[in-house]
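Here is the structure we will look at, set down as structure tokens.
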Amino acid sequence: MSTLLGQSQLQETFELNIGPQHPATHGVLRLKVTMDGEYIVKAEPVLGYIHRMHEKMGENRTWNKFWPNLGRLDYLSAIAYNHGYAGLVERAAGIEVPERAEYIRVITVELNRIQSHLLWFGAFVLDLGGFTPLMYAFDEREQILDLLESVTGSRLTYCYFRFGGVYNDIDDDFITGTRAFIKRFRPQIPMYHDLVTGNVILMERLVDIGHVSSEMCRKYGATGPVLRGSGVNFDIRKNEPYSVYPEFDFDVPVYTECDSMARYMVRMKEMEQSLRIIEQALDKIPDGPYIAEKVPKMIKPVKGDYHFAVEAARGTFSMRTVSDGTNQSYRMRLRSPTYSNLSLFEEASRGMLLADALAFMGSLDLVIPEMDR
Amino acid sequence: MGTENIPSTVDLTSIPSSLVQFHQLDKLRMLARANSLWPMTFGLACCAIEMMSSGAARFDLSRFGAEVFRPSPRQADLMIVAGTINKKMLPAVKILYDQMTEPKWVIAMGNCAISGGPFVFEGQYNVVEGADTFLPVDVYIPGCPPRPEALIEGILELEEKLTGTRRWPRVKPETAVKG
Amino acid sequence: MDRAKIKKELEMLAAEGLPAEEPTEEAAPEPQAADEEQDAKKSKKAAEEPPRVNGLLETDYNARGFHLDVQVNPDQVVAAAEILDREGLTMEMVTGVDWLKENQFEVVYDYSYTGGELFRVVVRARIDREKPDIPTISEVYPGANWHERETWDLFGINFVGHPQLERFLLPDDADFHPLRKDFKP
């Protein structure tokens with residue numbers, strides 16, 4: 001490939017604009033690509049087409065009123081974002097969370113992670129030209145959405161957590177329903193592998209394409225499945241344990257191939273691990289209150305900086321806030337995982353075929369509103 | 001609202017104001033259009049996921065003839081504005097609308113497309129407060145995001161607007177909740 | 001990664017910047033803020049917390065979410081990034097804070113370690129609001145490119161040497177920096 005580029009350097013390059021409305025960019029991302037024939041010389045992502053001022057909104061409303069924004073950042077793993085905010089403010093204001101609430105949080109976050117990966121799976125294979133898996137994935141996904149809707153009240157943009165717990169207790173229907181879902185979904189994963197993973201076309205499009213080394217991940221701050229697909233065993237749930245994650249036995253899937261296929265496999269395996277976590281959590285969930293009794297109505301954290309990180313479906317979501325001692329945040333910074341994950345795209349896509357680059361971009365699992373915030 | 005010659009009310013007797021009038025033929029054309037709306041694959045934010053859900057396995061938009069999502073605006077006649085429009089995106093949305101061929105319709109899906117939704121506050125600097133500030137919106141679907149059923153209902157409403165008759169029985173709210 | 005080594009090197013770095021920094025830091029914001037309004041309130045506040053002097057603090061992870069908190073001179077952020085880069089840390093985010101009362105911007109760099117052990121470092125530098133210049137660390141961490149560009153976009157903090165300091169999240173024709181505390185649309 002490099003020789004090809006070298007030979008044709010005398011030829012003219014041309015600019016290609018992809019997006020902001022393009023089916024392959026998963027929303028409103030725009031790519032400004034300099035092409036040499038079919039090869040990419042430089043692909044520059046242009047952001048901001050869905051910048052919705054979340055950080056500004058964090059500064060001009062009380063801590064409680066910021067909740068709905070968390071559901072609208074990464075709408076695919078919104079509950080993990082709820083968790084990040086809950087953790088941040090609970091850390092800042094020193095709120096204790098009952099154990100049952102933490103279990104409910106973990107169960108819902110993991111269900112949410114599975115549905116996020118399912119949607120990614122469907123959309124990613126759709127990008128590569130396969131339509132059927134999308135239908136399978138959405139079928140399973142709807143099962144999860146039903147379960148989550150029964151406890152959270154919404155299908156997508158969850159605003160479920162509260163400081164000190166959750167908004168609504170889970171009931172027996174939810175527990176039996178979740179168990180039934182696990183029973184149903186577990187055999188589906190091998191079916192997905194049969195249907196998709198071994199497919200020659202998919203292999204051709206993914207294996208050895210989109211190389212992202214662990215060093216590149218480090219320099220760009222990439223996390224989540226992108227980092228784990230590059231052979232780094234890093235998962236906030238294990239490395240920086242929060243909530244009740246230390247009590248569960250689960251593995252962190254790591255693949256060392258560094259290519260698009262590795263990232264694909266990491267996500268597929270993560271769904272299995274999430275099932276394991278949910279199963280254990282359902283077995284172990286204690287009785288008790290689902291929200292702390294003594295949560296102050298007016299939350300006024302002590303002055304200073306606070307930081308909290310969680311493992312969302314796409315990687316490390318961390319929040320940093322500066323409190324000035326009032327009931328509002330002085331500065332709210334949201335560090336979204338795909339922002340960093342995509343920032344390596346320009347370097348990693350150099351010299352790639354355009355079609356491969358789009359497959360590579362799909363393997364990064366982008367959610368644009370979360371990047372633009 | 002695609003063109004002025006499309007009756008916007010349920011009145012069957014109103015005649016489109018084109019130079020040569022074929023009343024029955026126009027009605028037939030409208031019937032055909034209403035039953036095969038081609039929406040543009042155009043997702044902006046969260047609502048786009050519900051739009052995908054509507055098209056996918058469970059809600060199956062193709063039952064209502066509107067599942068042919070087209071990535072190109074040239075091939076689409078329905079723009080579903082699914083998500084927040086901000087000032088950077090505004091010119092692109094305008095271009096997309098202009099690129100669509102007549103007749104064309106717009107559905108504002110979700111609170112952001114209706115009014116800016118939760119992102120409107122005093123002193124906001126980046127969100128366009130509603131698609132109807134620059135597009136002729138035909139149907140508004142409230143919700144944050146609206147459920148797929150709501151999108152389907154919105155499409156049925158649009159059909160009704162085009163043909164003057166409702167193809168499917170209206171579901172009464174009290175019966176809809178059960179189940 | 002060697003925690004003790006990082007701590008020692010950052011401590012030395014912060015100490016290097018001290019003598020030059022201290023007088024100007026303290027002299028500049030105080031008088032301005034004090035005479036203007038509410039003398040009693042201000043003096044009480046000033047008595048409570050003098051502006052932070054450069055240096056390294058070990059913070060309680062459970063309370064704050066990070067282990068080391070280092071304040072350095074603006075011209076030392078690159079050196080700090082190099083120290084952390086040598087030890088294999090990841091740049092997690094770069095952001096700004098607008099301290100309107102003190103007439104300063106604070107640029108905050110978050111670093112973490114993804115190699116196994118849990119370690120989070122915060123590096124911060126204060127710059128003058130009138131002349132918000134700070135060197136870029138995007139040479140050390142290319143990932144900082146976007147973060148710095150965004151910080152310029154939203155705060156107007158000028159990262160000297162940045163390869164592409166253009167509008168990022170806002171439209172190209174925007175002429176404001178919305179996260180500044182005195183921003184009015």
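Throughout, protein chains are lettered first and strands after them, A, B, ... in sequence-line order, and every chain is numbered starting at 1.
Between the side chains of A/Ser318 and C/Glu92, a donor-acceptor pair is found at a separation under 3.5 Å. Checked by atom type, the side-chain pair C/Thr95/A/Arg335 shows no donor-acceptor distance below 3.5 Å. With 3.5 Å as the limit, one finds no donor-acceptor pair spanning the side chains of A/Glu240 and C/Tyr113.
Contact annotation for C/Leu89: only backbone heavy atoms (N, CA, C, O) come within less than 4.5 Å of a heavy atom of chain A. Heavy-atom distances place the side chain of C/Arg124, and not its backbone, under 4.5 Å from chain A. Looking at C/Asp110, the atoms closer than 4.5 Å to chain A (heavy atoms on both sides) all sit in the side chain, from C-beta outward. With a threshold of 4.5 angstrom between heavy atoms, A/Leu344 does not approach chain C through any atom at all. With a threshold of 4.5 angstrom between heavy atoms, C/Asn145 does not approach chain A through any atom at all. Heavy atoms of C/Pro178 lying under 4.5 Å from chain A belong exclusively to its backbone.
Counting heavy-atom pairs under 4.5 Å between each of C/Asp69, C/Asp153, C/Asn62, C/Leu170 and chain A puts C/Asn62 at the top. Of the residues considered (C/Gly115, C/Ser112, C/Gly96, C/Ala144), C/Gly96 shows the highest number of contacts with chain A, using heavy-atom pairs under 4.5 Å. Here C/Arg120 is the residue among C/Arg120, C/Glu117, C/Glu106 with the most heavy-atom pairs under 4.5 Å with chain A. Considering only heavy-atom pairs separated by less than 4.5 Å from chain A, the leading option among C/Tyr111, C/Phe66, C/Phe168 is C/Phe168.
Atom CD of A/Glu215 has more than 12 heavy atoms from other residues, nucleotides or ligands within 6.0 Å.
Under 4.0 Å is where a charged nitrogen must lie from a carboxylate oxygen, and between A/Arg331 and C/Asp98 no such pair does.
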- For C/Lys181 and A/Glu59, run side chain to side chain contact (heavy atoms under 4.5 Å, CB included): C-alpha distance rounded to whole Å, both residues' side-chain angles, the deciding distance at 0.1 Å, then the answer. CA-CA 10 Å; C/Lys181 288 285 175 187; A/Glu59 293 173 15; 3.2 Å; yes

- Message: For A/His51 and C/Leu154: C-alpha separation, side-chain torsions, deciding distance, then whether side chain to side chain contact (heavy atoms under 4.5 Å, CB included) applies.
- Response: CA-CA 11 Å; A/His51 175 57; C/Leu154 301 179; 4.3 Å; yes

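In this structure, A/Arg218 forms no cation-pi arrangement with C/Tyr141, as its terminal cationic atom is not both closer than 6.0 Å to the ring centre and no more than 45° off the ring axis.
Between C/Trp99 and A/Tyr330, the ring-plane angle classifies as parallel under the 30° and 60° cut-offs.
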